[in-house]
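I have placed the structure first, in the form of structure tokens, so that the comments after it can refer back to it.
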Amino acid sequence: MNALGFLLTAAGFLGGAFLTSLDPEQVRWGLFVPCLMVGAVGVYLIKSSSLKHARSEETLATNRADIEESLDRVIAGLTDLSAKKEEIPPYELRFEIDRRFRDDLERFADARHSLTHLYGLQSYADIMSAFAAGERYLNRVWSASADGYVDEACAYITRALDQFTAARRELDLAHAAAPISA
């Protein structure tokens, strides 16, 4: 269905573009409107197929697992980093952050849209608010490390850990309040 949607969208666009290029002074509305409608049907098919995929049980289960695993790995990594922050040279913290967290943060971000389908918009906002703050603090650690601000880098590791822990707590609350099927 998705391929058909793209085909109809392309056909509608190309047909409309061709018709408008025939005469720069006048548009042949009797032919242009059907092209527009074909394109609109194509867009509808693409959107409905995309929504169906986003709400499928398989996608939701996979994304939920990705969200939980990546968040747990970030928390574990930050806990470890917090314990060893005095041992790591300040200018090396940024490389450690890239090595430890980049993949998990990206994985979480790719799967985050399923939170709305699983738990609702308010839970999405609560989880993402804490997650985004944690990510900002982690970026602050990276920047402080690059600039040589050792005390600031160390302080923001703890703040980032607190925020990611809060995000995990919000995720657990949302899961506990969700219907059985989530």
Do you know which two heavy atoms are closest between G39 and T9, and how far apart they sit? O-OG1, 3.7 Å
If hydrophobic clusters are built by linking Ile, Leu, Val, Met, Phe, Trp and Tyr wherever their side-chain heavy atoms come under 4.5 Å apart, do V38 and I46 end up in the same one? no
Salt bridge (charged side-chain N to carboxylate O under 4.0 Å, His left out) filter on E96, not counting sequence neighbours, yields R99, R100
Looking at D103 and R107, does any basic side-chain N land under 4.0 Å from a carboxylate oxygen? no
Taking the side chain as every heavy atom from C-beta outward, state whether V27 and L19 have any atom pair closer than 4.5 Å. no
Would you say the side-chain atoms of S82 pair up with the backbone N or O of L78, donor to acceptor, closer than 3.5 Å? no
Kindly indicate whether the side chain of Y156, heavy atoms from C-beta on, has any atom under 4.5 Å from the side chain of R136. no
Only pairs at least two apart or in different chains count here, so list each side chain to side chain donor-acceptor pair (under 3.5 Å) that has a residue in residues 142-153. D98-W142, R140-E152
Classify the ring geometry between F164 and F131 as parallel (under 30°), tilted (30 to 60°) or perpendicular (over 60°). perpendicular
Could you work out, with salt bridge (charged side-chain N to carboxylate O under 4.0 Å, His left out) as the rule, every residue matching D126, not counting sequence neighbours? none
Counting only N and O atoms by type, is there a donor-acceptor contact under 3.5 Å from the side chain of S114 to the main-chain atoms of R64? no
Please identify which of these residues, I75, V74, L71, meets the side-chain contact (heavy atoms from CB on, under 4.5 Å) condition with T165. I75
